[in-house]
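First up is the structure itself, then whatever we jot down about it.
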2 protein chains.
Amino acid sequence: MELSERKKKILQYVVDDYIETAVPVSSKSLTERHLSNISSATVRNELSALEELGYLTQLHTSSGRVPSAEAYKLYVSDLMVKDKLSDKELDYIKKIFLEKADNLEEVIKNTTKIISELTSLTSVGVVSPDVGEKINVIKFFRFKPDTALVLIVTERRLLKDNYINVPESMTDEQLVEAETVLGKLCSGRSFEEICSIKDDISSEFAGYKNIFLNLVEALKVYMTVKESDVVMEGQDKILNHPEYADINKIKNFLSVVTQKDKVMTLLSGDGRDIKINVKIGTDGYEEIPDDCSLVTATYSANGVKIGTYGVIGPIRMDYQKVVAVLENVGKILESILTNR
Amino acid sequence: MELSERKKKILQYVVDDYIETAVPVSSKSLTERHLSNISSATVRNELSALEELGYLTQLHTSSGRVPSAEAYKLYVSDLMVKDKLSDKELDYIKKIFLEKADNLEEVIKNTTKIISELTSLTSVGVVSPDVGEKINVIKFFRFKPDTALVLIVTERRLLKDNYINVPESMTDEQLVEAETVLGKLCSGRSFEEICSIKDDISSEFAGYKNIFLNLVEALKVYMTVKESDVVMEGQDKILNHPEYADINKIKNFLSVVTQKDKVMTLLSGDGRDIKINVKIGTDGYEEIPDDCSLVTATYSANGVKIGTYGVIGPIRMDYQKVVAVLENVGKILESILTNR
DNA sequence: GTTAGCACTCTTTTGGGCTGACTGCTAATT
DNA sequence: AATTAGCAGTCAGCCCAAAAGAGTGCTAAC
């Protein structure tokens with residue numbers, strides 16, 4: 001069922017005001033602030049209808065109205081007016097990105113830093129796993145008799161955090177040969193493809209089957225999100241929100257937001273596209289406290305996914321700002337990474 | 001001035017009880033729990049003398065006594081009886097370390113995890129910088145026309161987070177030669193030494209002076225503590241302490257303990273030796289809130305410093321436990337890293 | 001459909017009074 | 001000279017009642 005224009009407007013004002021003040025919104029304050037042309041009694045009738053429809057709740061019979069999770073969803077999708085960032089804020093984003101953007105890891109750190117800074121919320125980010133990435137170069141570097149570091153260059157980054165076992169009997173020359181042969185096998189192919197050719201390895205590569213299998217194991221590590229791919233910033237920002245005055249709530253929130261594995265499962269779900277993704281209330285996400293929202297965006301450059309970023313905060317957060325920040329950070333980031 | 005034996009004993013009991021209960025300690029409870037042979041009035045006289053001496057304070061005229069920072073210091077250095085860990089706890093430590101100790105970074109993560117777990121406090125750790133480390137191998141890996149990844153193997157770890165610029169005109173063969181030549185120059189020498197030979201580079205190496213200078217810059221990065229060397233665990237643990245019921249205190253604490261750079265400056269100070277190091281109250285450390293303590297220990301194996309680890313928490317923390325954990329983690333860690 | 005007005009509900013604040021947990025002091029005791 | 005019993009004094013914490021304040025819902029009039 002469709003809401004009347006006036007109901008929409010009133011609901012928008014309620015959410016606006018509640019986000020701004022954190023105080024239940026009364027009919028009187030609405031007429032004073034936004035609706036001087038109609039009386040508070042009329043507004044009261046509308047409010048009580050909106051409550052009936054599930055968009056508003058009251059803490060007790062004589063308190064003002066508070067938006068429900070439903071109301072926030074409608075607000076974000078339909079009601080809210082999109083915010084613009086100031087030139088100062090845009091310059092700040094550009095400045096940070098241009099300062100240092102050597103490698104993907106650095107970029108991610110900066111991205112979450114910017115987002116947390118501009119939204120005054122806890123921000124989280126995760127690099128998309130390398131599933132579909134194409135491999136350019138593979139290199140082995142032996143640093144102990146029986147282990148070698150694996151270096152992999154893909155289109156978007158240099159992977160250098162994985163070790164494989166190599167037989168001690170293998171000479172350095174043989175390892176270089178393995179590198180050349182397996183390099184030939186892998187380059188130009190994606191992680192997925194390589195893992196799938198596991199068994200029917202042709203005779204040309206047969207001598208290096210064991211090394212290859214070890215390599216496949218190493219590749220697999222990059223195909224799922226790892227804790228080290230998760231970045232978090234500004235975990236203390238939640239304390240600036242008046243509704244988080246309760247120790248248990250804080251504890252609850254921090255127990256999610258100080259543990260990478262929890263944030264990981266949260267973010268690994270939605271890597272679909274560049275669009276903004278809003279989860280309000282639990283929405284089936286048991287990891288988030290149910291008075292929290294998670295707003296994320298997935299960025300790409302040159303058709304390659306960079307990662308998913310976003311904020312976690314109280315359900316009463318400044319969605320206008322958050323969406324504006326995520327959109328602009330995305331635009332600027334993508335343009336910087338694309339032009340080079 | 002030296003305290004009488006009885007005063008020491010009483011002060012010890014006060015600190016013991018206060019750490020246990022978080023409630024100001026009264027003369028009556030002291031006689032009931034520990035001093036049944038003397039009367040509460042006598043204890044009152046002693047308490048008031050200890051207050052005079054600056055070891056105890058009162059919140060208001062009719063409250064029990066609370067230890068001052070001075071009292072905690074004396075307690076840790078002289079008064080407290082050393083705690084022993086249970087076999088279960090010792091086994092837990094060993095289990096975790098034996099599970100995974102491939103590379104130094106992993107070990108550090110585990111160390112802080114164990115410490116936080118066993119003490120129920122926020123724990124922090126930092127790898128000691130590589131200043132005095134001797135280099136074994138240096139390797140360049142070109143992954144863009146003008147940049148190469150620098151791999152450095154030292155006695156204790158593989159460093160792989162630094163890039164240098166190389167001239168695009170340089171062929172891969174030339175780069176390999178640079179690697180061999182500079183490898184000869186550097187291997188067996190410490191970071192410090194290499195940086196100091198900067199200028200009077202002998203003719204043999206003259207052709208690679210620019211690469212060498214870039215390499216020196218890369219080395220320098222490893223000679224100071226970096227944010228990525230800092231690890232933190234259990235930032236939410238502070239919320240279990242009843243004296244941290246105040247939002248502002250929590251905010252204060254978290255603003256330190258969620259920011260790596262702040263923790264970094266805290267820890268980079270004292271890398272002297274294996275001894276336990278206790279900073280109680282501010283003690284001139286403006287980064288810590290003044291109702292907090294920082295207890296750290298620096299570990300080594302085979303004469304090589306591994307890093308500095310410790311806990312940050314309320315001044316009223318269980319020092320017996322903390323010291324016991326730090327000592328035992330150190331012993332086990334050092335023995336594991338030494339025997340191999 | 002809108003509005004003024006009033007009764008009603010519920011939270012929050014205020015303040016008094018009481019209790020209980022201490023201490024400090026004094027005078028008596030060992 | 002050190003210890004102790006006893007008592008007066010202080011202060012936080014709790015309970016309770018009363019008052020104030022903020023808002024709603026409803027009704028009757030416009």
Side-chain angles (χ1 to χ4, degrees), chain A residues 2-11 13-18 20-68 71 242-243 245-246, chain B residues 2-11 13-18 20-68 71 242-243 245-246:
Chain A
E2 187 64 20
L3 295 179
S4 74
E5 277 312 305
R6 193 170 70 179
K7 282 203 179 55
K8 279 190 187 172
K9 209 72 200 159
I10 289 178
L11 186 53
Y13 290 139
V14 172
V15 181
D16 276 345
D17 284 9
Y18 188 64
E20 187 189 330
T21 63
V23 169
V25 181
S26 73
S27 55
K28 195 172 153 231
S29 73
L30 283 170
T31 53
E32 278 168 1
R33 297 189 60 173
H34 311 283
L35 299 157
S36 44
N37 50 329
I38 55 177
S39 84
S40 67
T42 312
V43 174
R44 271 202 293 286
N45 291 332
E46 294 285 56
L47 289 178
S48 121
L50 285 166
E51 181 168 1
E52 197 72 22
L53 292 165
Y55 290 112
L56 297 175
T57 54
Q58 276 181 304
L59 300 169
H60 56 262
T61 34
S62 68
S63 84
R65 257 64 173 213
V66 170
S68 69
E243 55 262 61
D246 177 36
Chain B
E2 187 65 19
L3 294 180
S4 74
E5 278 311 307
R6 191 171 70 181
K7 283 202 179 58
K8 279 189 185 172
K9 209 72 200 157
I10 290 177
L11 186 54
Y13 290 136
V14 172
V15 181
D16 276 344
D17 286 9
Y18 187 64
E20 188 189 331
T21 63
V23 170
V25 180
S26 74
S27 55
K28 193 168 154 237
S29 75
L30 283 169
T31 54
E32 279 168 0
R33 297 189 60 173
H34 311 285
L35 297 159
S36 45
N37 50 330
I38 55 177
S39 84
S40 67
T42 312
V43 174
R44 270 202 293 286
N45 290 332
E46 295 285 56
L47 289 178
S48 127
L50 284 166
E51 182 168 0
E52 197 73 21
L53 292 164
Y55 291 112
L56 298 175
T57 53
Q58 277 180 302
L59 299 170
H60 52 87
T61 30
S62 68
S63 86
R65 257 70 175 208
V66 170
S68 68
E243 55 263 61
D246 177 37

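All values below were derived from every heavy atom in this structure, side-chain atoms included, with hydrogens, water molecules and symmetry-related copies excluded. Here is the naming used below: chain letters follow the sequence lines, and residue numbers restart at 1 for every chain. Nothing here was measured: the structure is a model prediction, and the numbers come from that model.
When the side-chain nitrogen and oxygen atoms of Arg44(A) are compared with OP1 and OP2 of dT27(D), none of them lie within a distance under 4.0 Å. Between Thr61(A) and dC8(C), a side-chain N or O to OP1/OP2 separation shorter than 4.0 Å is absent. Contact check, Ser26(A) against dA22(D): no side-chain N or O comes under 4.0 Å of OP1 or OP2.
Salt-bridge formation is detected for the pair Lys8(A)/Glu2(A): a Lys NZ or Arg NE/NH1/NH2 atom is positioned less than 4.0 Å from an Asp or Glu carboxylate oxygen. Salt bridge status for Lys9(A) with Glu46(A): absent, with no side-chain N to carboxylate O gap under 4.0 Å. Ion pairing between a basic and an acidic side chain is recognised when a charged N comes within 4.0 Å of a carboxylate O; Glu20(A) and Arg33(A) show such pairing.
Considering only side-chain atoms of Gln58(B), the nucleotide from dT24(D), dT23(C), dA12(D) that sits closest is dT23(C). When each of dA22(D), dG24(C), dT23(C) is scored by its nearest atom to the side-chain atoms of Leu47(B), the top-ranked nucleotide is dT23(C).
Shortest non-hydrogen contact noted between Ser39(A) and Thr31(A) is C-CG2, 3.7 Å.
Looking at heavy atoms from C-beta onward, Tyr18(B) lies in side-chain contact with Val66(B) at the 4.5 angstrom threshold. Under the 4.5 Å side-chain criterion, counting only non-hydrogen atoms from C-beta, Leu47(B) is in contact with Leu30(B).
Straight-line distance from the NE2 atom of His60(B) to the C1' atom of dA12(D): 5 Å, rounded to whole Å. Regarding Arg65(B), its CZ atom lies at a distance of 18 Å from the P atom of dA21(C), rounded to whole Å. To the nearest angstrom, C1' of dT10(D) lies 14 Å from CG of Leu59(B). Between the CD atom of Glu51(B) and the C1' atom of dG24(C) there is a distance of 11 Å, rounded to whole Å. Atom CG of Leu30(B) is separated from atom C1' of dT23(C) by 13 Å (rounded to the nearest Å). Between the NZ atom of Lys7(B) and the C1' atom of dA2(D) there is a distance of 12 Å, rounded to whole Å. Whole-Å rounding puts the Glu46(A) CD to dG23(D) C1' distance at 18 Å. Here dG5(C) presents its P atom at 14 Å from NZ of Lys28(A), a figure rounded to the nearest Å.
No hydrogens or angles considered: nothing links the side chains of Asp16(B) and His34(B) as a donor-acceptor pair under 3.5 Å.
Each of Val23(A) and Asn45(B) has a nearest nucleotide on DNA chain D; the 5'-most of these lies closest to Asn45(B).
On a pure distance criterion of 3.5 Å, a polar donor-acceptor pair joins the side chain of Ser62(A) and the base of dT9(C).
Within residues 35-42 of chain B, the residues that place at least one heavy atom under 4.0 Å from DNA chain D are, in residue-number order, Asn37(B), Ile38(B), Ser39(B), Ala41(B), Thr42(B).
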